[in-house]
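Notes follow the structure.
In each ligand, atom 1 is the first atom listed, and ligand 1 is the first ligand listed.
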Amino acid sequence: MRAHAMIFLGAPGAGKGTQAREVAKHFGIPQISTGDILRDAVKRQTPQGLVAKAKMESGGLVPDEVVCGIVEGRVGQPDCQRGFILDGFPRTLAQAEFVNQMLQAKGRGRPQVLDIEVDEDLLLKRLTGRRTCSLCGEIYNVHFNPPKVEGVCDKDGGKLLQRADDNEATIRQRLDAYHNQTSPLIEYYRRQGVLHDINGNAEPEVIAKGLLEFLSQA
Ligand code: ADP
């Protein structure tokens with residue numbers, strides 16, 4: 001593994017989180033998901049959570065200062081010294097500039113950026129069909145990998161929930177935010193010579209295998 005910092009780019013539903021988890025496990029480095037950290041802050045009603053809640057429910061982006069502050073704090077933890085994966089961050093050019101400065105200040109050099117590309121109709125099915133176990137966090141999809149019993153986790157019997165922002169109106173806003181604010185990062189990183197494109201239309205296991213092969217050689 002060449003780079004210390006890896007960034008997963010991709011539209012909502014592209015499978016960033018799923019792939020980042022596999023890669024993090026493989027290399028033994030932490031996965032930093034701003035979406036997960038924000039959802040936890042909302043649940044605990046922290047000051048950051050209170051700012052984030054309305055934005056997340058509408059499908060818009062949480063302000064740059066809030067997410068940059070979260071990432072800076074997390075990356076400063078000892079377990080990030082060997083490297084880390086940013087999942088869902090950066091999402092704006094200002095956030096991308098922030099990451100570059102942060103890495104430079106830490107003497108880490110450029111990140112390695114993996115862009116997961118998925119067709120729009122498939123994204124919609126993945127998002128509207130997604131269900132998550134309230135106990136263990138296992139992810140199902142009513143279209144592609146349904147649980148044996150509807151609404152119940154195969155592993156521990158936990159209740160399956162739909163994420164608050166996985167409804168159709170919010171999904172449209174999230175995809176708009178991606179197209180308007182995040183997709184310019186693809187060219188930004190391509191120009192820096194650090195972008196690697198990944199076809200995300202296949203099964204998660206197939207994508208993970210190709211991804212790990214690529215990263216082991218990189
Ligand atoms: P997805 O990529 O499927 O939309 P995430 O869990 O990554 O899901 O993000 C959920 C929501 O959290 C986003 O719609 C946005 O409101 C907020 N969020 C997450 N990461 C960022 C970020 N880097 N900048 C701004 N908002 C963010």
Derivation of the side-chain contact (heavy atoms from CB on, under 4.5 Å) call for Ile32 and Asp87: CA-CA 6 Å; Ile32 303 175; Asp87 157 20; over 6 Å; no

Worked check of side-chain contact (heavy atoms from CB on, under 4.5 Å) between Met6 and Leu114: CA-CA 7 Å; Met6 260 183 246; Leu114 304 151; 4.0 Å; yes

Stepwise salt bridge (charged side-chain N to carboxylate O under 4.0 Å, His left out) test for Arg74 and Asp79: CA-CA 9 Å; Arg74 182 64 189 85; Asp79 63 336; 2.7 Å; yes

From CA spacing to verdict: side-chain contact (heavy atoms from CB on, under 4.5 Å), Phe89, Val99: CA-CA 9 Å; Phe89 183 92; Val99 174; 3.3 Å; yes

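Looking from atom 11 (C) of ligand 1 to the surrounding protein, the closest heavy atom is Met56 CE, 3.8 Å. When hydrogens are left out, the protein atom nearest atom 3 (O) of ligand 1 is Arg174 NH2, 2.9 Å; that is the closest non-hydrogen contact. Here the heavy atom of the protein found nearest to atom 16 (O) of ligand 1 is Gly60 O, 2.6 Å. At the top of the distance list for atom 22 (C) of ligand 1, counting protein heavy atoms only, stands Arg91 CD, 3.3 Å.
Applying the 4.0 Å criterion to heavy atoms of Arg39 picks out, from ligand 1, the atoms 6 (O), 10 (C). Listed by number with element, the atoms of ligand 1 under 4.0 Å from a non-hydrogen atom of Gln95 are 22 (C), 23 (N), 24 (N), 25 (C). Short contacts between ligand 1 and Pro12, defined as distances under 4.0 Å to a heavy atom of the residue, involve ligand atoms 1 (P), 2 (O), 3 (O), 4 (O). The Gly88 neighbourhood of ligand 1 comprises atoms 20 (N), 21 (C), 22 (C), 23 (N), with distances under 4.0 Å to a heavy atom of that residue. Set against the non-hydrogen atoms of Thr34, the atoms of ligand 1 under 4.0 Å away are 19 (C), 20 (N), 21 (C), 23 (N). If you number the atoms of ligand 1 from 1 as listed, the ones under 4.0 Å from a heavy atom of Lys16 come out as 2 (O).
Counted by atom type alone, Asp166 and Thr128 present zero donor-acceptor pairs between their side chains at under 3.5 Å.
Taking any N or O of Asp165, backbone or side chain, none lies under 3.5 Å from an N or O belonging to ligand 1. Here's the thing with Gly59: none of its N/O atoms is less than 3.5 angstrom from an N/O atom of ligand 1. Close N/O approach between Arg163 and ligand 1 is found [any backbone or side-chain N/O within under 3.5 Å].
Of the possible polar contacts, one joining the Gln95 side chain to the Arg91 backbone as a donor-acceptor pair under 3.5 Å is found. Judged by distance alone, the side chain of Thr34 and the main-chain N or O of Gly88 form a donor-acceptor pair under 3.5 Å. For Arg126 (side chain) and Ala14 (main-chain N/O), a donor-acceptor pair under 3.5 Å exists by modelled atom type.
No more than 12 heavy atoms of other residues, nucleotides or ligands shown are found within 6.0 angstrom of CD on Glu203.
Across Val62, Leu123, Ile37, heavy-atom proximity to atom 26 (N) of ligand 1 is greatest for Val62.
Contacts between Leu38 and ligand 1, counted as non-hydrogen atom pairs separated by less than 4.0 Å, involve the side chain only.
Using the six-membered ring where Trp is involved, Phe214 and His196 have ring planes that are parallel, under 30° apart on the 30 and 60° scheme.
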